[in-house]
Structure formats: C-alpha cells, structure tokens
Participant: 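Before I ask anything, here is the structure I am working with.
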There are 2 protein chains.
Amino acid sequence: MRSVQEPTIRDVARAAGVSYQTVSRVINGNERVAEATRRRVQTAIGELGYRPNRAARELAGKAVRSLTVLTSDTSLYGNAAALRGIEEAARTAGFAVSISVLDRHAALDAEELRARLVRPGEPVIVIAFDAAGVRALELLPADVPVTALVERPPGDDPDPRHVWLDDRLAATRATRHLLGLGHPTVHCLALPSSTAHTAQRTEGWLDALREAGVDAPAPIDGGWTPRSGYLAARGLLERHPDATAVLCGNDDLALGMLRAAREAGRRVPDELSVVGFDDTPASAYLAPALTTVRLDFEGLGRTGFGLLHRLLDPSAPGQEPCAEPELIVRESSGPGGRGIG
Amino acid sequence: MRSVQEPTIRDVARAAGVSYQTVSRVINGNERVAEATRRRVQTAIGELGYRPNRAARELAGKAVRSLTVLTSDTSLYGNAAALRGIEEAARTAGFAVSISVLDRHAALDAEELRARLVRPGEPVIVIAFDAAGVRALELLPADVPVTALVERPPGDDPDPRHVWLDDRLAATRATRHLLGLGHPTVHCLALPSSTAHTAQRTEGWLDALREAGVDAPAPIDGGWTPRSGYLAARGLLERHPDATAVLCGNDDLALGMLRAAREAGRRVPDELSVVGFDDTPASAYLAPALTTVRLDFEGLGRTGFGLLHRLLDPSAPGQEPCAEPELIVRESSGPGGRGIG
DNA sequence: TGCGCTGATGTGACCGTTCACACAAGAGTC
DNA sequence: GACTCTTGTGTGAACGGTCACATCAGCGCA
C-alpha cells in the first residue's frame, strides 16, 4: 500500500551481517550484545531509517507504549490543561496518546465503551471531573489498567488509582478570603457535581462558612459555561438581592456572574464580590480582573500519567507533585458588609 | 499479560462450528456467506464478547482505521473546536484518533517528527493555523497520507489536501462593519502569521480598507493569548492615541485589547470600537460583550477528516460544507469618527 | 451423463516482531 | 584435557488476523 516499503528487522540484520534476533536485542537494550556488534547494528538502523513496527511488536506480546484519554470536552480549560499535562508526560516517556471524547448528553453504556471507545488491552486515563467521566470510569471493565483525574473522592480509603487536586481546600481558602473581607456570608454558584455527593468545591465553601459560624445559603446550580453561569447568576441575584459575595465554581461561571451583576446594576467589587476557580488565561483581563484560585491541572495530568505508568511498570520513575491551590487576589473581590465600608 | 485472555477469531470459529476464515468473512462483511452461517457466527461473537485485534489486523496488511492529529496547543479555542470536529467525524467513521502536541517554541526537525510524532503508515491531520503546524506540514514525508487545516493558502493552485475557513472574507466583513459605523480607519492587532506571507485576517482587513480608499495603518503584531493582546494593545494605544476602531486577530487578543483600553481610559464602544474573531463561548459575556466573527472550526475539523477519509478510500462519503463566517454584532463596536457622534 | 459455473467454505502462507530455547566459543577450574 | 560457566549469537515457534488459492457441493445445460 505505502509506495516505499518500510525496512524490517531482517533488512537491518542483513545489512549488519547478523541475525534478526540480534537486531531485536539491540533495539530492546538487551545487555548480552558485544559492543562492536551493537554499533554495527545501530549504524545499519540509522542508514536504513528503520523504525520498529508497532503492530508486530504488540502482536508478539510486548507491552506497547500507548494509552487512551477519555474526556468529555476538550475545550473546557481544566480538561484541556490536564490533557496537555498527560500528553507531555506521556510523550516524554515514549507513549502515544489517543483521545476519545465522551458525549456529555448521550447515556453511555458499557458496550459502547468497550466496543468503540477503548481498545482491547489499552490502558486508559479518564478525566472524570464531570458526571460523564465518572460514569465512564464506573463502566470500565476491572481488567483495564486505568487511572483517573477526579474530584477528591469521599471516604477514608480512596481508590489508589485516582488523583485529584485539593478542590475542597481551595474553596475553603477562597471563602475565607471573602469572609475575611467582611462579607456577612458568601453565596455559591456551583458546578454540576460529578457524583451523587456534593461537589468538593461546594463542600469546601461549606467548611469555611461553618468554621466562621455563618449560616450557609442554598447553593445555586450552574453548569460549566459562561452562558450557564449567567443564567444561574440572574436567578441568584433575583432571589438574593442582598448578596454581597459569590463564589463561582469556575472562571467561566464567574464570567457569567459578572455579566449578570452588571446588568442588575450591581457594581463589582464595590457592591458584590465575585471569586472564581482555575485561573484561566482570560481571568486576569476581565473587567474587573477576576479573583480566583489557581489549580495545577497540567501537573495533575502529569501525575495521572505517572501513576498509570507505574501501574504498568512498577520501576517507572515517580512524578513531581502538583502545585498547591493558590488564591490569586485581583479586582473582583473587595471589602463588604460589616467591613471597612 | 492481561489476566483474562481476549477471545480470538479461532475461538469464535470453534464456538460457531466453522473455520476461522468464515469468521473473518463475517467480520469484514464479505457477501459470500450463507445467511444461517452468518447468524451463527454473529451469535458466537456476541456470546464470547469477541473484538478483532487491531495489531493483528494491521500486521496482516489491512488498512487500519486510525489517524494522528498534530496540533500545537489544545487549549486555544480554534484548535480545541477543530479537534472536537475531527474526533467526532472520525469516531463516527470508526477511526481511532491519536494526538501529538507540537511544542510551539522548540524547533521541530524531520527526524523528531518521523521518530516520535507520527507512526509509520499512519495518516495525519495537521492543525496548521500557526507556524508550528505549518512547519510540521512541510517536514512530513511525501508518502504520509495527510490533510491539513490551514489559513487560506495564497496562489491559484492550492494544495487539494488543505481545507480552510474564509478568514480573509471574515476579516473584510468585520472591517466593513467598522467602516460602515463611520470610523475613519481601522487598526489591526494581528495574530502571528502561520507562513512567511501576511496573515489572511490581515489581508482581509487590508482589502476592506483599500476598497474604502482608506490608508492602512501599520498592523501591530500580537500573539495568541489575552496577555499578548494586552501588551500589544498598550503599544497600539500609545502610538495611536487617536485610534477609534481596532480589529483583533482573535477574541483572546480582543480581551487583552479591552483591558488595555480600560486602563488607558478609553471607553468601549463610545470612544473605541473593538472587534474580535472566533466567537468563543466567553465573548458574549465580556464587558462589553464582544462583536466578533463566528467561524465554524468544528465544521472545518469534520471537513478535514472527510478529505482524509476520501484520500484513503475514494468511496468514503462527502462531508457537509462548513458554515460561512458570520459577523456577530454585540456591544463592543459602535459609531465612531464622522459617524452619528 | 458429463461439463463448466457459481456460491459457500476450508487450508496454508505470511505480515514483523518477541520469546524460549539451542548452540558455539572462550575463560576459569580441577 | 575434560568439566562447567559465561557470553554472544542463531533458530523455531508463536501472536491474531488477512489474503490467495483449493476444494466441494449443487445447479443448469447440451
């Protein structure tokens, strides 16, 4: 089919005057090859431009270095950044990365997953920040090597194949920041939870309110996009005209919140403080620039890959840990309520 | 290696009481199989949960349905949307999608590309909106089946393996819109060009100015991000304090422009009109909401895949065409100069 | 009745690699 | 000098499919 035939291990062997098995040994870094022979083979490889055939290698039972990422939407900032981290770490380790996108709306079933989304024997990393990812994770057969990027799992004995950022702590810090500015309470515009439990960011918000002995208003359900944030924010402002501070599930929701506030004539941060999550590249340039919590999604992606790598090969090197959540105070949060005002 | 052995074609054959070749025929939809036999085989396949082994299939010379997407940064809106379009179309057609990310800063060489980024025989789609993508496209060996998502190529005889959106026309329309509002001229905050030529969006802007008989100010070079847009915009406003309208290479640059304008005390749109490109999900919620040109990146991705598919298999179905660029007028553009003011 | 034709099915070789094993040559030991 | 032991290298058989070809039954037709 290809006009120029790729050279095979036997072509190399012939060129180097050795057997094909010796070439295989050189390729795989086997010790038991004389230095002179090894050099001869490597020269032949270089001259012929030989590349090992993945399919043949895989068929012959060699663990093949590839993985599939399962994710719902590559254009969300967190997902895209995590994907970048995975891809980078994987490529460094010589893994090829495939990607399968989960439809957030269609109900996924195990058959579909097995038949079309993951290949037999292929290891998988699931970006499971949302319900679609979590569902895929549940449906994955037990014998598939898998790690997952998740919200912090509830319970004391979390799955060792999961990695997460400390969203709960991040939310607590952001909420403390707002309470510290003098706001009597903080409202919450929440992301959809990925599980049946309350989302971690919402839990962290509750933690801080409880800690301060403040009654928690009911959190408002948002989606993932600026549009859904905007719609939810309008509802929030209508029901709580007295709100002075809102913690939003991500920067996109916060953007929608900012707009809704503007339309309602609520000046940010003078009358209303808004805080987001993720520190997207846009957030520093919004009007007003968004106070947010920077989360190391790229690092999380690298960590997720590292965990999978060690699952497949226990001698694989460890990964640097992710950065801690970091509150970035900008213009959208300011003194409120019983504060300096 | 896997704890549970996957069933093979021979297991299915045994279960159905036929030869392995008959099973192969059923899998590949060969006509010459008796209806009763076919059904028996399909039942066996279902019961055993048989899936064809990709590696074996590929090794035996069957064209294997997979492709690699080469792109520089999955978190840019255009790239992410195009990737989504490719993935969707590819999955519908039964193709697996791999992804290799090009480092925008490191100089790519042909060896690296061949050795690590694309697999032997694997077809490729390059998202070549930027220089890194275009360079990868140039370095790709001639025998690799490839299509590319590019800026409109200059010249009368464009490469038939390329697809593009009409960025030039889009820019012309956006510029006409601004001129029509009465602005004496329109400045341009340009994306980095992907080639040695002037970027298509810049050309389209020049077209409209020429058409209106207006002198074109020198375009200002921006990058791809809000930050780079902000920095370039500060320079622009300093050098041209009289500017009343700016066309920005994408919505992210426009966001940076909006911020720079605010800091310089230039009210948008009263004193300065700003127009972007792409219609990102955020653009409708910015302050002010951004006038922009909606571009069908997802459709372009689908088209790029369709072209590749037909390259591999001329009988593959055609694709629906992409949507035309559409100007979305929002709040950031308004009357200027000799207009109603 | 014997012929060729056609549709349905089976057999053998091969794709490019790895693995398990066999084997040859030289070094060290007694 | 016969013995193990080590080191380097070669041979045969998988791996799970596809392809080309062989076979075989049933049919129409002269």
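Chain letters run A, B, ... following the sequence lines, proteins first, then strands; residues in each count from 1.
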Participant: May I ask you to evaluate whether T22(A) reaches the phosphate of dG8(D), defined as a side-chain N or O under 4.0 Å from OP1 or OP2?
Facilitator: no
Participant: Flag the pair F129(B) / F297(B) as yes when their ring centroid distance falls below 6.0 Å, and as no otherwise.
Facilitator: yes
Participant: Taking the nucleotide of DNA chain D with the nearest heavy atom to each, does Y20(A) or N30(A) sit closer to the 5' end?
Facilitator: N30(A)
Participant: Between E35(B) and R39(B), does at least one N-O distance fall below 4.0 Å, as a salt bridge requires?
Facilitator: yes
Participant: Could you give the NZ-to-C1' distance, from K62(B) to dT18(D), as a whole number of Å?
Facilitator: 8 Å
Participant: N28(A) side chain: which of dA8(C), dT11(C), dT18(C) is closest?
Facilitator: dT18(C)
Participant: Starting from P on dC15(D), measure out to CG on N53(A) and report it in whole angstrom.
Facilitator: 18 Å
Participant: How many Å lie between CD1 on I9(B) and P on dG10(C), as a whole number?
Facilitator: 12 Å
Participant: Just checking R57(B): base, sugar-phosphate only, or nothing, at a heavy-atom cut-off of under 4.0 Å?
Facilitator: sugar-phosphate
Participant: Considering only side-chain heavy atoms of V33(A), which listed nucleotide, dG10(D), dG16(C), dT9(D), is closest?
Facilitator: dT9(D)
Participant: Kindly say whether L108(A) contributes a backbone atom to a donor-acceptor pair with the side chain of R135(A) at under 3.5 angstrom?
Facilitator: yes
Participant: Assign R54(B) to base, sugar-phosphate, or nothing according to its heavy-atom contacts below 4.0 angstrom with the strands shown.
Facilitator: nothing
Participant: Between E87(B) and R91(B) (salt bridge meaning N to carboxylate O under 4.0 Å), is one present in this structure?
Facilitator: yes
Participant: Would you say a side-chain N or O of S19(A) is under 4.0 Å from OP1 or OP2 of dG10(D)?
Facilitator: yes
Participant: Are any of S24(B)'s side-chain N or O atoms less than 4.0 Å away from OP1 or OP2 of dC19(D)?
Facilitator: no
Participant: Would you mind reading off the distance between R51(A) atom CZ and dT17(C) atom C1', rounded to a whole angstrom?
Facilitator: 16 Å
Participant: Hey, is the side chain of T37(B) poking within less than 4.0 Å of OP1 or OP2 on dT9(C), counting only N and O atoms?
Facilitator: yes
Participant: Suppose we call a contact any N or O donor and acceptor under 3.5 Å apart; does that hold for the side chain of R10(A) and the base of dG16(C)?
Facilitator: no
Participant: For L59(A) and dC19(C), what is the distance between atoms CG and C1' respectively, to the nearest whole Å?
Facilitator: 13 Å
Participant: Using atom CZ of R25(A) as one end and atom P of dA20(C) as the other, report the distance to the nearest whole Å.
Facilitator: 12 Å
Participant: Find the distance E31(A):CD to dT6(D):P and express it as a whole number of Å.
Facilitator: 16 Å
Participant: Could you tell me how far apart R32(B) (CZ) and dA20(D) (P) are, to the nearest whole angstrom?
Facilitator: 14 Å
Participant: Can a salt bridge be assigned to the pair E320(A) and R302(A) using a cut-off of 4.0 Å between side-chain N and carboxylate O?
Facilitator: no
Participant: Ignoring hydrogens and geometry beyond distance, is the side chain of Q21(A) in donor-acceptor contact with the base of dC19(C) at under 3.5 Å?
Facilitator: yes
